[in-house]
Structures are given as structure tokens and as C-alpha cells.
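Have a look at the structure below before the remarks.
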Amino acid sequence: MHNIQPNPIIQSLLKAREERWLNKLALAKHGWHVVSLQLNLPGYPKNNETTDLFVKLIDKQFVRFLKANILGKYKEEKKSFIDKAGDCVFYLIPAKGIESQELKELTERFEERHRLGRIIDLDVLDTKGKLISSGKSKKCFICDEPAHFCRKETRHPLEEVRKAMLEAISAYLEKERMQNCIKRFSSWAVKALLYEVTLSPKPGLVCRSSTGAHSDMDFLSFINSISALTPYFQELGWMAVDMQGNDMSQILPLIREVGLKMEEAMFEATEKVNTHKGAIFLMALSMFSAIRVIYKKRKFKAGIFAGTVQQLTKGMIQRELCSVEEGSRMTHGESCFLQFGLKGSGARGEAEQGLPTVMHHAMPFIKEAEISIEAINDKNMFAILAPVLLKIMSVNNDTNVLFRHGEEVLEELKKKSVSALLEMQRGDQMKYNELVEWCNSSKISPGGSADLLSVTLFLNFCQTDKGL
Ligand SMILES: [Zn+2]
């Protein structure tokens, strides 16, 4: 039996709808076309946290769409509100600028183009209070029949439609969230690499003012290389989102494939000079891990990030370095490990141990010194970043140095870095300048430390993320 008593929910819904309508009419009379944005969500309540976020996002997209299509005729006059009838935004478009029919066509184009356009309802009311119709019918969210037909025939249970719509909205919001995260984090990876090479002067390393200990590369080689690496960070980010399950041990070869593409792009951009091989390895792992943390935990956490790097590279030294036989054709990394053991495990060792130089030295150093990485500008960059580089150099067993110059020179470099840092903290740069001079003239290039500076910077940028 039907309940003939007035349903309070329906009553309040009808009341809200009537108020909306009157509001719209009043606005239209002031010379505006009124476009209203609302959702076609059946059932109650008409809004929740998810729909609020969704309407906010659609609102942003629609404003951008209006600006792009009727530039100058839309002055961002709008009214947003939530009532019993759900989330709603009114856009006021000066009637002088555009015909109501043209506006209707635009709103339909927006709906048609949008992945969830079937949930979005954009109505146009002209200045006479007339609802503009194009005669077209929206398709049903579940099947491809006209929506009004399915509604009339109640072809799908209301709860089924509502559930499907809410799920689609959630999935859309999640994808949007990750897309934005991946863009932000990719830009930080690039920014970290750019900051590292920009820091000048540096001991033995390529920088803005000098090629350091190098004669085959300069500042522009690095800019060219970083530009070539840029698109791949997004690829790594999506890999972290699309990864099925939690078994990190299977992922390394996939990351390496992207890493190898990055190396190819680097060599092409630099005419076969190795500017970033070590940085590619560490930054590719870092980008993947950072996005994985954000995807899983919704917020960036440095400890979990380092743990993820560690899981990804678990057993790597044993697998890749311990089995190398003397006399066979070896890479620098393999040969260094064979000669110096764990001390010569380089970037692999750093990764497998969960980035100890970054996590236990560089990051606490930044925290203690209350250095604000976000506030870096051209004037204070040296004062902020040179001590961080020195801190890294003072503890890092840099295989670039170890391999080419041996253990004694590495220890000498670490010692000199300690004293240059101490002096710098007392306000004197003399020992730093001497260190730069010594490295440049002796052709000592602590490239491994430069890579770790990039990772440290990236990690700092990630920590400022609000997890939106
Ligand atoms: Zn249908």
C-alpha cells in the first residue's frame, strides 16, 4: 500500500527545489542567463562528502570551460550552495554577450565531453525565465537508452543507479587525485635535479659557474639531460598507481625498464655523456616510492617512503654484486663492490639500506638547522644547500670517487668536507673554496653525493605535500 501521508523528505526536497527556481528567476530578471550545475543523483540524501568534492571539481572544470569558450563574457559571477536538493552552483552570464541557445549548446558540449556527463546536469535559464532546451535527451547512466525512458519505466532499481553513480564518482575523484599528485611529484623530481645542478660553486661537480672536474660536460648538458628525463617521472608515477598487489620484489625490473629508457634519452640529449646515470637510478626509485606512499596512505610519509625504496631493492646487492666474478667484464659498480665490499656498494647499497645517508644524515641535518628548503631563492640557495651537500659528502662513500681515486682520497674528501662544513657554520667559506679548488684540480667529482642531494631535495618537496 502506498503511504498517502506527505513524506517529510520529499516535502523538504520539493521546497528546496522551489526556492532554487525562484532564486534563479530573480537572478535571470537582472539581465543574466543563469546556468545551474547540479547532479542527477537519485535517492537521498542528495549530497554527501563525495558529491560535495565532485561538484567542487566539476565547478572548477566548468569555469575553465566557460573561460576557454566565451572568454571575456564570463566574469566569474557565481553562487554555490548546498540545500536539501543537493549541491548546486549558479553561473551568471551577461545576456548581452551570448545568446541563450549558444550557451545551451556549450553546456551540452561540456556534458557530452565529460566522462561522467550523464551525472552532471547543466540547465540554462534565459533572462525571461525560460528554460532553454535543445530537445536532446540524456542517456541513462546504466544502459544506453534515453534516461527519461528508463526513469519512467523504472527499468533499474533506484538504489542500483544511485550506487553505480556514487561508485563512479569516487573512482573519478581518486583518479583525479592521483593524476594531480603525479604531476606535482614529477615536477618536484625535476625541480630537485635542477636545483642540484644550479647550486654553485660545488666541489668537482658541474654547476652554473663551472664544469668542476669535468671537461666533457657543462651546465647545459645537465639542463638538456634533465629536460629529456622529465616525461618519464609521470610514467613511473602511474606505474606505482597501477601496480597490483603489494609484492614489491617483482617491480624492480619494471622500474629498471623505465630507467633504461631514461638513460637512452639522457645519452641522446647529451651526445653520449653520462650526466645522470646514478641520479636516474635513485630518482626513479624515489618517484615510484613517493607515489606509492601517497596512493596507499593518502599522505606522504618519509619513513614509509624509505621503507618502500628498501623493499623494492631488497636482495639487490646479493643478486647483482656478490655473484660477479673477477676478470669478467665489469661495470664500475660491480668492480667497485668487488674491490671495496659494502663500502663500494654505491647507489645500490644506499637504496637497499633504505637511503641511510639521506634519512639519517641529510634530513636530520636540515631539520636541526631549521633550513627551509621551500624558501630557496637565487640569493640564499648557496647558503642553504652548500652545507647540505657538505653533510652528505662528509658521510657518503661516494663510489665515483672510490672507483677513480681509491679509498685514501675518499677518506681525505670526507675529512675535508667535515671541516669545511664546520667552518661554514661559523660563517667562513675559505675551506669550502679550498675544497672546490682541490676537487676541480685533482679531477675529483663526488657525483654520488650530488645524486643524494637531489633525492634529499625531492624528499623535502614531497614533505610539503598536503595530500590533496
Ligand atoms: Zn537505462
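We use all heavy atoms of the structure for the numbers below, so side chains are in, but hydrogens, waters and symmetry mates are not.
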Under a 4.0 Å threshold between the charged nitrogen and the carboxylate oxygen, would D59 count as salt-bridged to K78? yes
Test item: S454 and M283 side chains (from C-beta on) under 4.5 Å apart, heavy atoms: yes
Would you mind reporting whether L205 and P446 have side-chain heavy atoms less than 4.5 Å apart? yes
Who are the side-chain contact (heavy atoms from CB on, under 4.5 Å) partners of R109, not counting sequence neighbours? F65, N69, L106
Given the options I392, L421, L390, F365 meets side-chain contact (heavy atoms from CB on, under 4.5 Å) only with L421
Which pair of heavy atoms, one from S417 and one from L435, lies closest together, and at what distance? OG-CD2, 4.0 Å
Within residues 241-277 or reaching into it, pairs that qualify as ring pair (Phe, Tyr, Trp, His ring centres under 6.0 Å) - sequence neighbours excluded: F222-H276
If you define the side chain from C-beta out and look only at heavy atoms, does anything of P203 sit under 4.5 Å from W438? no
Atom CD of E374 with >12 non-hydrogen neighbours under 6.0 angstrom: yes
What closest approach, in Å, do K299 and I294 show between heavy atoms, and which atom pair accounts for it? C-CD1, 3.8 Å
Using a strict threshold of under 4.0 Å (side-chain N to carboxylate O), is an ion pair present between K138 and E108? no
Residues that K139 engages under side-chain contact (heavy atoms from CB on, under 4.5 Å), provided they are two or more places apart: R118, D144
Inter- and intrachain pairs under salt bridge (Lys or Arg N to Asp or Glu O under 4.0 Å), touching residues 345-370, at least two apart: E320-R348
Is there a side-chain contact between F300 and T464, using heavy atoms and a 4.5 Å cut-off? no
Going by side-chain contact (heavy atoms from CB on, under 4.5 Å), name the residues that satisfy it together with K56, two or more places apart in sequence or in a different chain. none
By ring pair (Phe, Tyr, Trp, His ring centres under 6.0 Å) - contacts of Y74 (at least two apart): none
E174 vs R298, test: salt bridge (Lys or Arg N to Asp or Glu O under 4.0 Å). Steps then yes/no. CA-CA 10 Å; E174 179 63 4; R298 301 191 74 82; 3.4 Å; yes
